[in-house]
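First comes the structure, then the notes that go with it.
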Amino acid sequence: MAEASGDEAGAASGRPATGQPETERPAGQPKTGQPKTGQPTGRLVVAGLGYAGMAAARAAAAAGWVVCGTARDPSRRPAPPGIEVIPFDAAGPAIAAATHLLVTAAPGAAGDPVLAAHAGAIRAARRLAWIGYVSTTAVYGDRAGGLVDEDTPPAPRQERGRRRLAAELGWAALATGRTVDLLRTGGIYGPGRSALNDLREGTARRVIRPGHRFSRIHRDDIAHAALAAMEQNAALAAMEQTAAGKAASGTRVLHLVDDEPAESAAVVEEAARLLGVPPPPALSFAEAEAAMSPMARSFWSERREVSSARTQALLGIRWLYPTYREGLRAILQEEQGERPA
């Protein structure tokens, strides 16, 4: 079961996604995972303990939630402190007892794997008040560089975007009596998956295509937003149940992208500056395209600038890493054993 990789995940680091194994270092807990005394908590199931899913699980556990997460083979996924790892196929009872469910698993040709395996358990879960589905801004298709906000209608033109939209619709259908948040992410980067790694490995390319900017999000800001949405839902549900005997429900679109869409070359150049090495030679897009995989070409074939201002206001947060500059700097500090500022 593959975790959601996010739209233009590779473009966040200047290359297509590679499926690089995730690191096991903590997920930015100094900022996203501090316990919050007095905040309502609940029981969270993370369907897909991959790169972003594990970060969200760690942040929730540090904030006082009871957390379990799924893996195809739990023996290959050691349980971090405060997180129970359970087999994906046997997750039904945990979902039935959960108050919150975060889904990071990506859809395949056969559809959404979590809905296929556990839709019945989800529908029957009487305590389940919130579902967060980690999707992608690829559902918007190509906008010729135009601005996209949370009210923009989806219009995917590629298969990966169409699969995501179909999965979103499946999850939105479960919003009766509970909240479903569709968390549309840009390209996901973070420790172990950034332009810093590409430069060290000799795989970074500095592709020059003026005006072609990508939206991206740091892994720990996904955890930050998911935890904020869960805590907001838990607080609202507690108030509404006390006042009127009913919980909050409905579907929301939330954008998980940072504050500065940027050209891929700019990210590579900043990573090189931080490492104190020369950036790779500049490549025109025409030169680079000849060697691109079909997946990479699909990322570069679409252009849109996605805003998350409304999402941040709705959740009452600011990004921990509002641009790639702060994000790359924090990754390097963490690698050097320093606590990010």
Side-chain angles (χ1 to χ4, degrees), residues 3-17 27-28 30-33 51-53 55-56 59 104 132 134-140 143 145-150 152 181-198 211-229 252-271 273-274 299-300 302-334 340-341:
E3 185 193 57
S5 60
D7 184 29
E8 297 115 12
S13 60
R15 59 171 171 79
K31 288 188 176 181
T32 64
Y51 188 65
T104 69
V134 180
S135 184
T136 166
T137 58
V139 299
Y140 293 115
R143 301 288 169 149
L147 182 67
V148 172
D149 66 18
E150 292 85 348
T152 302
D181 282 343
L182 305 176
L183 311 173
R184 294 174 177 165
T185 72
I188 302 171
Y189 74 104
R193 297 189 183 185
S194 77
L196 298 167
N197 302 89
D198 298 339
H212 197 110
R213 291 183 284 268
F214 293 103
S215 296
R216 51 189 53 76
I217 190 74
H218 192 288
R219 174 199 68 181
D220 294 353
D221 271 320
I222 296 175
H224 184 46
L227 182 59
R252 303 188 299 183
V253 171
L254 302 177
H255 282 174
L256 275 53
V257 298
D258 70 19
D259 295 339
E260 186 180 321
E263 295 178 14
S264 174
V267 179
V268 174
E269 290 163 4
E270 176 64 8
R273 187 190 69 80
L274 289 169
F299 290 133
W300 283 91
E302 297 182 347
R303 189 161 58 97
R304 55 187 167 267
E305 298 202 2
V306 184
S307 169
S308 64
R310 187 184 308 173
T311 291
Q312 293 179 71
L314 182 64
L315 296 180
I317 62 172
R318 296 294 295 169
W319 298 130
L320 306 176
Y321 310 108
T323 78
Y324 64 91
R325 298 178 194 86
E326 293 88 353
L328 290 174
R329 186 166 60 246
I331 293 167
L332 189 59
Q333 289 174 341
E334 185 176 326

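When a residue number appears, it is its place in the shown sequence, counting from 1.
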Handout entry: Distance in Å, Arg310 CZ paired with Leu315 CG, rounded so as to fall on 0.5 Å steps
Key = 12.5 Å

Practice task
Measure across Gly53 and Thr104 and return the closest heavy-atom pair with its distance rounded to 0.1 Å.
Solution key: CA-CG2, 3.8 Å

Practice task
Considering non-hydrogen atoms only, spot the tightest contact between Ile317 and Ala225 and give its length.
Solution key: CD1-CA, 4.0 Å

Exercise for the section: Applying side chain to side chain donor-acceptor pair (under 3.5 Å), name anything that partners Ser308, two or more places apart in sequence or on another chain. Expected result: Gln312, Trp319

Handout entry: Backbone N/O of Ser135 and side chain of Thr185: donor-acceptor pair under 3.5 Å
Key = yes

Problem - Exam field: side chain Tyr51 to backbone Gly190, donor-acceptor pair closer than 3.5 Å - result: yes

Handout entry: His212/Trp300 under side-chain contact (heavy atoms from CB on, under 4.5 Å): CA gap, chis, key distance, verdict
Key = CA-CA 8 Å; His212 197 110; Trp300 283 91; 3.9 Å; yes

Problem - Test item: Arg184 and Leu254 side chains (from C-beta on) under 4.5 Å apart, heavy atoms - result: no

Problem - Residues which pass side chain to side chain contact (heavy atoms under 4.5 Å, CB included) with Ala265, listed by chain and number, not counting sequence neighbours - result: Arg206, Ile208, Glu269

Fill in the blank from the handout: Correct closest heavy-atom pair for Ala266 and Tyr324 would be CB-OH, 3.7 Å

Handout entry: Side-chain donor/acceptor of Asp221 to backbone N/O of Leu320, under 3.5 Å
Key = yes

Exercise for the section: Report yes if some heavy atom in the side chain of Tyr189 is under 4.5 Å from a heavy atom in the side chain of Ile217; otherwise report no. Expected result: no

Problem - Pair Leu332-Leu196, side-chain contact (heavy atoms from CB on, under 4.5 Å): steps then yes or no - result: CA-CA 8 Å; Leu332 189 59; Leu196 298 167; 4.3 Å; yes

Fill in the blank from the handout: The salt bridge (Lys or Arg N to Asp or Glu O under 4.0 Å) partners of Asp181 (sequence neighbours excluded) come to Arg252

Exercise for the section: Report the residues that fulfil salt bridge (Lys or Arg N to Asp or Glu O under 4.0 Å) with Arg273, sequence neighbours left out, ordered by chain and then residue number. Expected result: Glu270

Exercise for the section: Give a yes-or-no answer on whether the side chains of Thr311 and Glu150 include a donor-acceptor pair shorter than 3.5 Å. Expected result: yes

Exercise for the section: Please report the closest heavy-atom contact between Asp258 and Pro322, naming both atoms and the distance. Expected result: CB-O, 3.2 Å

Problem - Which atom of Ile331 lies closest to which atom of Ser194, heavy atoms considered - result: CD1-CB, 4.0 Å

Exercise for the section: Going by the side-chain contact (heavy atoms from CB on, under 4.5 Å) test, name the single residue among Ile188, Val306, Val267 that passes it with Arg216. Expected result: Val267

Practice task
Report the residues that fulfil side chain to side chain donor-acceptor pair (under 3.5 Å) with Thr152, sequence neighbours left out, ordered by chain and then residue number.
Solution key: Asp149

Problem - Pro191 and Arg219, any side-chain heavy atoms less than 4.5 Å apart - result: yes

Handout entry: side-chain contact (heavy atoms from CB on, under 4.5 Å) between Ser307 and Leu147, intermediate numbers included
Key = CA-CA 7 Å; Ser307 169; Leu147 182 67; 3.9 Å; yes

Fill in the blank from the handout: So CD of Glu260 and CZ of Arg213: to nearest 0.5 Å the spacing works out to 9.0 Å

Practice task
Please identify each residue that fulfils salt bridge (Lys or Arg N to Asp or Glu O under 4.0 Å) with Arg318, with sequence neighbours left out.
Solution key: Asp259

Exercise for the section: Can you sort out the partners of Glu326 under salt bridge (Lys or Arg N to Asp or Glu O under 4.0 Å), two or more places apart, ordered by chain and number? Expected result: none

Exercise for the section: Verify side-chain contact (heavy atoms from CB on, under 4.5 Å) between Asp198 and Val268, making sure each step is shown before the conclusion. Expected result: CA-CA 9 Å; Asp198 298 339; Val268 174; over 6 Å; no

Exercise for the section: Could you check if a side-chain atom of Leu183 sits within less than 4.5 angstrom of a side-chain atom of Ile222, using non-hydrogen atoms only? Expected result: no

Practice task
Can you label the angle between the Tyr140 ring and the His255 ring as parallel, tilted or perpendicular, going by 30° and 60°?
Solution key: perpendicular

Handout entry: By side chain to side chain donor-acceptor pair (under 3.5 Å) - contacts of Arg329 (at least two apart)
Key = none

